[in-house]
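See structure below.
Because the structure is predicted, anything quoted here is derived from the model rather than measured.
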Amino acid sequence: MSDTDYPSDTLQDFTPEPADARRIVVLISGTGSNLQALIEAQEHDRLGGEIVAVVSNQADAQGLKRARDAGIDAVALPHREYESREAFDGALIKVIERHEPDLVVLAGFMRILTPRFVQRFLGRMLNIHPSLLPAYQGLHTHDRALEDGVSEHGCSVHFVTEELDGGPVALQAAVRVDADDGLESLKDKVQAREHLILPIAVNWFLEGRLQLTGDHITMDGISLPPTGMRLSHEDAAEELDEGL
């Protein structure tokens with residue numbers, strides 16, 4: 001036996017303690033298709049954390065069933081039961097903080113948040129929005145894009161700030177608007193891209209790569225442009241195995 005060939009009396013039968021998974025709370029209002037994309041990414045170890053709770057302001061939201069089916073704590077918090085937006089947000093803060101999240105994800109959460117709520121989770125709250133921000137902030141983004149006759153549309157993941165849909169953008173995915181596109185076909189193409197980029201952005205954040213620093217975003221310590229990183233129509237179509 002050489003000087004280096006000896007049994008270790010310190011590493012034998014040693015099993016390291018698993019690191020605690022980063023914790024995610026997801027807020028929804030409807031069907032929860034983006035939630036489902038996050039759940040599937042988690043199931044394939046591509047999320048970088050664990051969804052510990054799903055909260056909806058609509059008691060009958062289909063997304064709550066998706067959560068329960070996945071064994072995730074599903075919480076209904078109907079906003080109409082509260083006398084004011086501030087009262088609802090105060091209750092929502094308590095529900096969220098009970099689960100001690102590292103990240104809050106707005107995945108189709110159709111509520112305007114109060115400054116108090118935003119400041120509580122500032123820097124650790126992401127939203128998915130169905131447009132290439134800063135274009136088409138607010139609602140009815142696909143209708144407005146079609147009315148304007150744009151050739152390119154898409155979706156964005158951004159950090160939530162007090163400005164509605166105005167926080168710094170982390171990641172976008174573009175889609176070509178074809179001459180024969182209507183509301184449903186455009187919505188479907190954009191939604192497929194939402195399902196693609198939201199888990200990616202969540203994973204980057206939980207790995208510590210994506211950070212909100214002041215009023216801008218850094219990725220691996222490098223400042224991103226105002227529109228963040230963008231997948232072209234062709235790149236997104238390739239990832240989604242769409243015909244070009």
Audit row: Q191, S33, side-chain contact (heavy atoms from CB on, under 4.5 Å) steps and yes/no = CA-CA 9 Å; Q191 194 169 68; S33 67; 3.4 Å; yes

May I ask you to decide whether K65 forms a salt bridge with D69, counting only side-chain N to carboxylate O separations under 4.0 Å?
-> yes

Minimum-distance pair of heavy atoms, taken over all atoms of L132 and A173 = CD2-O, 3.6 Å

Which heavy atom in E234 sits nearest to a heavy atom in R176, and how many Å separate them?
-> OE2-NH1, 4.3 Å

Measure across I93 and R116 and return the closest heavy-atom pair with its distance rounded to 0.1 Å.
-> CD1-NE, 3.9 Å

Please walk me through it: do E50 and Q42 pass side-chain contact (heavy atoms from CB on, under 4.5 Å)?
-> CA-CA 7 Å; E50 177 186 1; Q42 177 179 310; 4.2 Å; yes

Just by distance, with hydrogens left out, do H153 and S131 show a side-chain donor and acceptor under 3.5 Å apart?
-> no

Taking C-beta and beyond as the side chain, do P226 and V169 meet within less than 4.5 Å on heavy atoms?
-> no

Check the pair S156, Q172 against side chain to side chain donor-acceptor pair (under 3.5 Å), reporting the backbone distance first and the verdict last.
-> CA-CA 4 Å; S156 308; Q172 297 183 323; 3.0 Å; yes

Verdict with supporting geometry, R209 and D220, salt bridge (Lys or Arg N to Asp or Glu O under 4.0 Å) = CA-CA 5 Å; R209 302 181 63 194; D220 295 333; 2.7 Å; yes

Determine, step by step, whether Y136 and D148 satisfy the side chain to side chain donor-acceptor pair (under 3.5 Å) criterion, reporting the C-alpha distance in whole Å, the side-chain angles of both residues, the deciding distance to 0.1 Å, and the verdict.
-> CA-CA 11 Å; Y136 306 118; D148 289 346; 2.6 Å; yes

Between L171 and A201, which heavy-atom pair has the shortest distance, and what is it?
-> CD2-N, 4.4 Å

Compare all side-chain heavy atoms of E162 with those of Q119 and state whether any distance is below 4.5 angstrom.
-> yes

Minimum heavy-atom distance between D178 and D181, given as atom pair plus value = N-OD2, 2.8 Å

For residues P199 and A37, report the shortest heavy-atom separation together with the two atoms involved.
-> CG-O, 3.9 Å

Geometric cation-pi criterion R111 and F88, 6.0 Å radius, 45° cone | yes

Single-linkage hydrophobic cluster F109~L126, side-chain heavy atoms < 4.5 angstrom = yes

Short N-O contact, E194 and K187, less than 4.0 angstrom = no

What's the verdict on salt bridge (Lys or Arg N to Asp or Glu O under 4.0 Å) for R120 and E97, showing C-alpha distance, side-chain angles and the deciding distance?
-> CA-CA 10 Å; R120 183 64 64 97; E97 291 192 333; 3.0 Å; yes

Side-chain (S56) to main-chain (A59) donor-acceptor, under 3.5 angstrom | no

Cationic N near anionic O, under 4.0 Å, E184 to K189 | no

